[in-house]
Amino acid sequence: MTDRCGTVAILGRPNVGKSTLLNRLLGQKLAITSHKAQTTRHALLGVKSRDDGQILYVDTPGMHQRGGSALNRLLNRTARAALADVDVILLVVEALRFTDEDALALEAAAAAGPPVLAAVNKVDRVKDKSALLPYLQQLGERHDFIEIVPLSAHTGDQVTLLEDRILARLPAGQRLFPDDQLTDRSERFFAAELLREQLTRRYAQELPYAVTVEIERFEAHDGRYLIHAIVWVEREGQKAIIIGRGGEALKATATQARRQMQQMFGCPVHLEVWVKVKASWSSDDAALVSLGYGD
């Protein structure tokens, strides 16, 4: 049997479930998730190796219209750039919804050129299943999709079918990664992401987009990792919120992040976290580059 191998860009508006779908496709957690928009800020490669081929998934930031900061513009550019030189674009939409931001993502997918497969996510939340068929018909009229697959990234329903249909569309070719490799990102990168995930989940209402994480030190000592992280915010008031009374809020956040790191890295982790202010970092292109965005 000839192997198939190719790259698939996962595209869609914020909060449509792209990262949850990536994790489900890979069979383990790689992308951080939360109910807050713009949780995903980097294009993230996830490698799925099967007996009959290898699929290189690229998760992308949610395409959005709101916000004009440098960070907002960068996230949209990152999503569009990920569409270059891929074999298939997987457009993720939410069952029974199609917003202006969904239209923006579809427009970008259509303009990029590769064939587009639509994944209609969150069907498990649809109480009246009879409403799905008209929605799928209307979606099919918006673009000449190679396939439309209703599914639930949360429950896993139809996800294997989706992957089978994706692999069938990929070209024959040799695998590009060892079968045991999951991504091309470093553990240092994931340390920052796992801490940012906990910050996003804990402070989503108070600090929507004003938080980022920089790993200042990442070293291995005697079978354990020593990690020093800086949480950057834009104002002193935000710093006070994250630290909390007596530092208890920051301690709880760091503890949960450390547990997630230990689970991912498979070794003990000593994590120290500091909170610092970098005024208006999300509106400063140079600051974004210094903090690792745009890589």
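Here the structure is a predicted model, which is why all the values come from computation and not from measurement.
Side chain of R196 to main chain of V213: no donor-acceptor pair is present (N/O by atom type, distance under 3.5 Å, no hydrogens or angles). Between the N121 side chain and the K18 main chain, no donor and acceptor come within less than 3.5 Å of each other. Q54 places a side-chain N or O within 3.5 Å of a backbone atom of L176 that can act as its donor or acceptor partner. In this structure a side-chain-to-backbone donor-acceptor pair under 3.5 Å is present from H64 to G62.
Among pairs with a residue in residues 102-150, those fulfilling ring-ring contact (aromatic ring centres under 6.0 Å, His included) read H143-F145, at least two apart in sequence or across chains. Pairs of residues two or more places apart, or lying in two chains, that qualify as side-chain hydrogen bond (donor to acceptor under 3.5 Å, both in side chains) and include a residue from residues 98-109 are R13-D102, R66-E101, T99-D102.
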Step-by-step salt bridge (Lys or Arg N to Asp or Glu O under 4.0 Å) determination, D3 to R175:
CA-CA 8 Å; D3 272 358; R175 298 168 186 241; 2.7 Å; yes
Let's go through R201 and T33 carefully: what are the C-alpha distance in whole Å and the side-chain angles of both, what is the deciding distance for side-chain hydrogen bond (donor to acceptor under 3.5 Å, both in side chains) to 0.1 Å, and is it a yes or a no?
CA-CA 9 Å; R201 291 184 172 189; T33 61; 2.9 Å; yes
Run V149 and E147 through side chain to side chain contact (heavy atoms under 4.5 Å, CB included) and show every step you take.
CA-CA 6 Å; V149 179; E147 194 101 29; 3.7 Å; yes
Salt bridge (Lys or Arg N to Asp or Glu O under 4.0 Å) assessment of K29 paired with E197
CA-CA 12 Å; K29 178 175 177 175; E197 177 181 47; 2.5 Å; yes
Stepwise side chain to side chain contact (heavy atoms under 4.5 Å, CB included) check, E214 with W232:
CA-CA 8 Å; E214 179 182 11; W232 290 104; 2.8 Å; yes
Show your working on side-chain hydrogen bond (donor to acceptor under 3.5 Å, both in side chains) between N72 and S69 and close with a plain yes or no.
CA-CA 5 Å; N72 292 119; S69 71; 2.7 Å; yes
Given side chain to side chain contact (heavy atoms under 4.5 Å, CB included), test L226 with V269 step by step and report yes or no.
CA-CA 6 Å; L226 173 62; V269 171; over 6 Å; no
I would like to know whether R169 and I146 meet side chain to side chain contact (heavy atoms under 4.5 Å, CB included); could you show each step before the answer?
CA-CA 9 Å; R169 292 287 179 167; I146 56 174; 3.7 Å; yes
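To the nearest 0.5 Å, the span separating CZ on R41 from CG on L71 amounts to 5.5 Å. In this structure, OG1 in T60 is found 8.0 Å from CE in M63, a value given to the nearest 0.5 Å. Residue L195 holds its CG atom at 11.5 Å from CD of Q256, rounded to the nearest 0.5 Å. Expressed to the nearest 0.5 Å, how far CG of L25 lies from CD1 of I55 amounts to 7.5 Å. Within the model, atoms CD of E234 and OG of S280 stand 5.5 Å from one another, a figure rounded to the nearest 0.5 Å. Note that the CD atom of E272 and the CD1 atom of I230 stand 12.0 Å from one another [nearest 0.5 Å].
Residues A95 and V120 come closest through the heavy atom pair CA-CG1, 3.6 Å. S49 approaches P178 most closely through the heavy-atom pair OG-O, 4.2 Å. When all heavy atoms are compared, the tightest approach of L91 to A105 is CD1-CB, 3.8 Å. Taking all atoms of both residues into account, the shortest heavy-atom contact from I215 to R188 is O-NH2, 2.8 Å. When all heavy atoms of K278 and A287 are compared, the pair lying nearest together is CD-CB, 4.1 Å. Of all non-hydrogen atoms in G223 and P268, the two that sit nearest each other are O-CD, 3.4 Å.
Side-chain contact, Q262 with R258: a donor N or O sits under 3.5 Å from an acceptor N or O. In this structure, a donor-acceptor pair under 3.5 Å is absent between the side chains of H35 and N15. Between the side chains of D59 and S19, at least one donor N or O sits under 3.5 Å from an acceptor N or O. With hydrogens and angles left out, the side-chain atoms of Y293 and T212 include a donor and acceptor closer than 3.5 Å. For the residue pair T39/S34, the side-chain donor-acceptor check at 3.5 Å is satisfied.
A search for ring pair (Phe, Tyr, Trp, His ring centres under 6.0 Å) contacts involving H228 returns W274, not counting sequence neighbours. Every residue two or more places apart in sequence or in another chain was checked for a side-chain contact (heavy atoms from CB on, under 4.5 Å) with V289, and none qualifies.
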List, one per line, each side-chain donor-acceptor pair under 3.5 Å for residues 156-164, sequence neighbours excluded.
residue, atom, partner, partner atom, Å
Q158, NE2, P150, O, 3.2
E163, OE1, Y57, OH, 2.8
E163, OE2, K48, NZ, 3.0
E163, OE2, R50, NH1, 3.3
D164, OD1, R50, NH1, 2.9
D164, OD1, R50, NH2, 3.0

Can I get a per-line list of side-chain donor-acceptor pairs under 3.5 Å for residues 242-254, giving both atom names and the distance, sequence neighbours left out?
residue, atom, partner, partner atom, Å
T253, OG1, R202, NE, 2.8
T253, OG1, A249, O, 3.0

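The closest side-chain heavy-atom distance from L167 to L170 is below 4.5 Å. Side-chain contact between F265 and I227 is present, with heavy atoms from C-beta onward closer than 4.5 Å. Two residues are said to be in side-chain contact when any heavy atoms from C-beta on lie closer than 4.5 Å; F177 and T183 fail this criterion. Within the 4.5 Å cutoff, side-chain heavy atoms of L132 are placed close to those of V123. Taking the side chain as every heavy atom from C-beta outward, V86 and V8 never approach each other to under 4.5 Å. Residues H42 and E193 are in side-chain contact: their nearest non-hydrogen atoms beyond the backbone lie under 4.5 Å apart. By the 4.5 Å heavy-atom criterion applied to side chains, L199 and V231 are counted as neighbours. Taking the side chain as every heavy atom from C-beta outward, Q28 and L182 approach each other to under 4.5 Å.
The neighbour count for D85 CG, taken as heavy atoms of other residues, nucleotides or ligands under 6.0 Å away, does not exceed 12. No more than 12 heavy-atom neighbours from other residues, nucleotides or ligands sit within 6.0 angstrom of CD on Q263. Other residues, nucleotides and ligands contribute over 12 non-hydrogen atoms within 6.0 Å of the CG atom of D179. Around the CD atom of Q137, the shell of radius 6.0 Å holds more than 12 heavy atoms that belong to other residues, nucleotides or ligands. For R217, the CZ atom sits in a packed shell: over 12 heavy atoms of surrounding residues, nucleotides or ligands are nearer than 6.0 Å. Environment of CD in E219: crowded, with over 12 heavy atoms of neighbouring residues, nucleotides or ligands closer than 6.0 Å.
R142 forms a cation-pi arrangement with F98, by the criterion of a distance under 6.0 Å to the ring centre and an angle within 45° of the ring axis.
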